[in-house]
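Written out below as structure tokens is the structure these notes cover.
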Amino acid sequence: MNKYMSIAALIFLLAASPVRGAEVPLYKDAAAAPAARAADLLGRMTVEEKFGQLQQLDGLWEGNYREEHLKLAREGKLGSTLNVRTAPFANTLQKEAVENSRLGIPVLFAFDVIHGYRTIFPVPLGESAQWDPLLAEAAASAAAEEAYSVGLKWTFAPMVDIARDPRWGRIVEGSGEDAYLGSRLAAARVRGFQGSDYGAPGKVMACAKHWVGYGAAEAGRDYNSTDISESALRNIYFPPFKAAVEAGVPTFMTAFNDLNGVPSTANKRNIAGVLRSEWGFKGFVVSDYTSVKELILHGLAADGEDAAVKALSAGVDMEMVSTLYRETGPAALAAGKISQADLDASVLRVLELKFRAGIFENPYIDPALEAKTLKTPEKLALALNAALKSMVLLKNEGALLPLDPKLKKVAVIGALADSRADMLGSWSADGKPADAVTLLEGIKEAVSPVTWVSYSSGAFAGATDKDLDKAVAAAAAADVIIAAVGETFDLSGEAASRVSLALPGRQLELLERLKKTGRPVVAVVFNGRPLELGWLNDNIPAILEAWQPGTQAGSAVAQTLFGKSNPGGKLPVTFPRSVGQVPIYYGHRNTGRPPDAKEKYTSKYIDSSFEPLYPFGYGLSYSSFAFSGLAVSPASIKPDGKVQVSFEVKNISRRSGDEVAQVYIKDEAGSETRPVRELKGFQRVTLAPGEARVLTFELGPAELGWHYAGGFAVEPGRFKIYAGSSSVGGLEASFEVKP
Ligand code: NOJ
């Protein structure tokens, strides 16, 4: 209001307004700016309603709301739910909020749509093995369409935690060990979920999680504390989050971990500081599941009120599942422990996003949309392509693969070959095991009509000698044995950390016996984490890393084994020889005594090789490729300059196939030491037999700079460039950065 306007003039104006009673408040005006609408609405809210908007509660697993949600929604005290979904449930609850509450603020429906909603794509770690951000974007877009069709407007994805410890079960949910690959995929997934406007139909808001450092859980034990240096935070753990912000992610979720003594859910330095002040993030931050309340067990908060005060004051806007904001907030506000400014800022952020998400205008979902949207032929085709592209060929001695579809007898061994649920992976939302194609089905589809396919389940935990005997008998006299080994879906994911990376149960024993039959064995590995595959590498001629490929799993694996498709994925994470090498990752710093097998006093083991079994970026193909002609120009640049890196990749085989060309740098000397290699560019290309392509990459300050104690800079000195098919070897060149 104009400060010179008198009260009398104001009363006159209001009285003179023609349809006083029917006047539409600004916040209900769809044409007004979201920020203005949020401010108008905030001005009309009670303290209880404000805290209510910051409350997110959990529905029931099958999609229903809980009885108490109806009352809370009517009272305007339910900002959001997770797990409430599908038209009958979502619309009924929404009606209470929109039509029967004082201000009619809609509920924001969230769900974990991690690698598909109903059509399930490869687990994120497998998707990362595609090295194909556009494909990841397409998968996220399809997942968003499906999620939207059941009333959802917010997904708790992408999970962008860098993870370098395969004991940690949640390594399956992320992009692996590398900040650059992780950043590219984080941005792609955000774009996929949201499109150019997450308020549009068929799009959902993304959420970058878990902020931050959660993947560095000590000893790989889930939820465990983390101690991470500033350099590691800035250069390794932050970048994918920053990439998500730059791609327009509107929400963040805080992590469960204690980070350097301050739990992430009360970490003001990172939330209010780095995220909001440094990066200019304008969206809202939600806690993880009860992580506000958990501040008490962490030993940061003395009681519930203290937990609410610390989380809210740190910048956590919405509380997931625990109810401390709602219950203790009003009194804490009255006592001055929570500031009015902090409360209002949080409420404004939540309201503004609700306006932007379009749910004030479109609060309900059309019940007929779901049937038209889920599992369409296009989405199934995309899921097949995604699964095919995620396959990583780890070994192929004597070109055993691809197999001839006309073989007479194929023995398929291993319970995973006939398991639907295990194909979907650890976070399959509303994916139905019944939709998944098993490996056995895929193989039967892929072979000729005269091929005889036998099957025996083999060797998980609880397998008896008899089970093993049966499997070996079924394999005898086969032209080829296809052994499906690895992990069931529940052996990775949240709260599924392992101290062993060995094949569970008696699977190794089974493989040993299968090998003794003298028949050629192909191992297909289904898993959500790097496993110890050393024995397999030494004894089994062909190994295909299949991850958990989703709805189209069996078709994708079988098409790869029988040559209809040529594998071209690359590992997004290092595979150790043994758990004792963990953490092991390609981008480590050097020591003053780099490993040297001939020198005792160097950094290595006396009982194992120091090298990984399979390095980051590694993966074979049925084709062969040659790299040549690496050129870097100019030979020297200023710190703000750019170099062009180019080289040729040629398919030197007689089969069309994919190669992922990778570009790494090494900043040779600096004010702090830098990793021995850092990925700074990649491109997956499909090349026909004999085809060659020159690829060009531009590296500038964003790629060459790094965060050191004094800030972010490209430091003068020599940089090495490596170009090749993995993080090991490749072509080498160098250039200089001059002051
Ligand atoms: C806990 C998990 O850590 C998080 O990733 C997930 O989004 C929430 N639960 C909600 O399901």
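For the single chain, residues carry numbers from 1 onward in sequence order.
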Practice problem: Keeping the roles fixed (side chain from R529, backbone from P166), state whether a donor-acceptor pair exists under 3.5 Å. | Solution: yes
Quiz item: Any side-chain donor-acceptor pair under 3.5 Å between E177 and T574?
Solution: yes
Could you give the side-chain donor-acceptor pairs of residues 235-247 under 3.5 Å, partners two or more places apart or in another chain?
from: N235; atom 1: OD1; to: H707; atom 2: N; distance (Å): 2.8
from: N235; atom 1: ND2; to: S231; atom 2: O; distance (Å): 3.0
from: N235; atom 1: ND2; to: S231; atom 2: OG; distance (Å): 3.4
from: N235; atom 1: ND2; to: H707; atom 2: O; distance (Å): 2.9
from: K242; atom 1: NZ; to: E246; atom 2: OE2; distance (Å): 3.4

Quiz item: Are any of the side-chain heavy atoms of V123 and W427 separated by less than 4.5 Å?
Solution: no
Quiz item: If only atom types and distance count, is the side chain of E319 paired as donor or acceptor with the main-chain N or O of L324 below 3.5 Å?
Solution: yes
Quiz item: If you look at every heavy atom in D165 and G220, which pair is closest and at what distance?
Solution: OD2-N, 3.3 Å
Self-check item: Backbone of D667 reached by a side-chain donor or acceptor of R718 within 3.5 Å
Solution: no
Quiz item: Do side-chain atoms of T155 reach the backbone of V113 as a donor and acceptor pair under 3.5 angstrom?
Solution: yes
Quiz item: Between D317 and S346, is any side-chain donor less than 3.5 angstrom from a side-chain acceptor?
Solution: yes
Quiz item: Is any side-chain heavy atom of E145 closer than 4.5 Å to a side-chain heavy atom of V204?
Solution: no
Quiz prompt | Step-by-step side chain to side chain donor-acceptor pair (under 3.5 Å) determination, T673 to R589 | solution = CA-CA 7 Å; T673 56; R589 291 189 165 104; 3.1 Å; yes
Quiz prompt | Non-hydrogen atoms of L351 and I105 that approach each other most closely | solution = CD2-CG2, 4.1 Å
Quiz item: Closest approach of P615 and L571, non-hydrogen atoms and distance?
Solution: O-CD1, 3.8 Å
Quiz item: Where is the tightest heavy-atom contact between P530 and I171, given as atom of each residue plus distance?
Solution: CD-CD1, 4.2 Å
Self-check item: Side-chain donor or acceptor of S291 paired with backbone N/O of S287 under 3.5 Å
Solution: no
Practice problem: Could you walk me through whether K354 and F284 pass the side-chain contact (heavy atoms from CB on, under 4.5 Å) test, one step at a time? | Solution: CA-CA 11 Å; K354 284 190 172 186; F284 77 75; over 6 Å; no
Quiz item: Under 3.5 Å, is there a donor-acceptor pair linking the side chains of S277 and R269?
Solution: no
Quiz prompt | K77 side chain near T323 side chain, heavy-atom distance below 4.5 Å | solution = no
Quiz prompt | side-chain contact (heavy atoms from CB on, under 4.5 Å) evaluation trace for K50 with Q340 | solution = CA-CA 11 Å; K50 288 181 182 178; Q340 189 69 50; 3.4 Å; yes
Quiz item: Nearest heavy-atom pair of G681 and F697: which atoms, and what distance?
Solution: C-CE2, 3.9 Å
Self-check item: Set of side-chain contact (heavy atoms from CB on, under 4.5 Å) partners for V714, sequence neighbours left out
Solution: P639, P701, L704, F719, V737
Quiz prompt | Under 3.5 Å: donor-acceptor pair, side chain of Q662, backbone of G617 | solution = yes
Practice problem: Indicate whether any N or O donor in one side chain lies under 3.5 Å from an N or O acceptor in the other, for E305 and T328. | Solution: no
Quiz item: Do we see a donor-acceptor contact under 3.5 Å between the side chains of W154 and T251?
Solution: yes
Practice problem: Return the set of residues passing side-chain hydrogen bond (donor to acceptor under 3.5 Å, both in side chains) with R356 (not counting sequence neighbours), or none when no residue passes. | Solution: E352
Quiz prompt | Within 45° cone and under 6.0 Å: R37 NZ/CZ vs Y27 ring | solution = no
Practice problem: Report yes if the distance between the aromatic ring centroids of Y180 and W706 is under 6.0 Å, otherwise no. | Solution: no
Quiz item: Quick one: does Q130's side chain have a donor or acceptor within less than 3.5 Å of a partner on G569's backbone?
Solution: no
Quiz item: Who are the side-chain hydrogen bond (donor to acceptor under 3.5 Å, both in side chains) partners of T290, not counting sequence neighbours?
Solution: E294
Quiz item: Can you name the side-chain hydrogen bond (donor to acceptor under 3.5 Å, both in side chains) partners of S426, sequence neighbours left out?
Solution: none
Exercise. Examine distances only and state if a side-chain atom of S141 and a backbone atom of E137 form a donor-acceptor pair shorter than 3.5 Å.
Key: no
Self-check item: Flag side-chain contact, heavy atom, 4.5 Å: K153 against L108
Solution: yes
Quiz prompt | Cation over ring face, R234 and F712, 6.0 Å, 45° | solution = no
Quiz prompt | Evaluation steps, side chain to side chain donor-acceptor pair (under 3.5 Å), between E715 and S671 | solution = CA-CA 8 Å; E715 289 191 330; S671 58; 2.5 Å; yes
Exercise. Show your working on side-chain contact (heavy atoms from CB on, under 4.5 Å) between R276 and R349 and close with a plain yes or no.
Key: CA-CA 12 Å; R276 290 219 169 92; R349 288 185 199 114; 3.4 Å; yes
Practice problem: Scan side-chain atoms only and decide if W211 and N270 contain a donor-acceptor pair under the 3.5 Å cut-off. | Solution: no
Quiz item: Heavy atoms, side chains only, cut-off 4.5 Å: are L82 and Y289 in contact?
Solution: yes
Exercise. Could you go through the side-chain contact (heavy atoms from CB on, under 4.5 Å) check for K203 and Q194 one step at a time?
Key: CA-CA 5 Å; K203 305 294 174 196; Q194 303 191 155; 5.5 Å; no
Quiz item: Side-chain donor-acceptor pair under 3.5 Å between T265 and T254, yes or no?
Solution: yes
Quiz item: Are the side chains of D178 and P572 in touch, meaning some heavy atoms are under 4.5 Å apart?
Solution: no
Quiz item: Do N257 and T226 meet the criterion of a side-chain donor-acceptor pair at a distance under 3.5 Å?
Solution: yes
Exercise. Give the intermediate values and the outcome of side chain to side chain donor-acceptor pair (under 3.5 Å) for residues E494 and Y223.
Key: CA-CA 9 Å; E494 187 175 347; Y223 316 118; 2.6 Å; yes
Quiz item: Are the side chain of Y214 and the backbone N or O of F256 linked by a donor-acceptor pair below 3.5 Å?
Solution: no
Practice problem: Might you confirm whether atom NZ of K666 has over 12 heavy atoms from other residues, nucleotides or ligands at distances under 6.0 Å? | Solution: yes
Practice problem: Kindly give the heavy-atom pair with the smallest separation between R189 and P124, and that separation in Å. | Solution: NH2-O, 3.3 Å
Practice problem: Measure from the side-chain N and O atoms of D258 to the backbone N and O of S225, and report whether any donor-acceptor pair falls under 3.5 Å. | Solution: no
Self-check item: Partners meeting ring pair (Phe, Tyr, Trp, His ring centres under 6.0 Å) with F616 (sequence neighbours left out)
Solution: W131, Y586
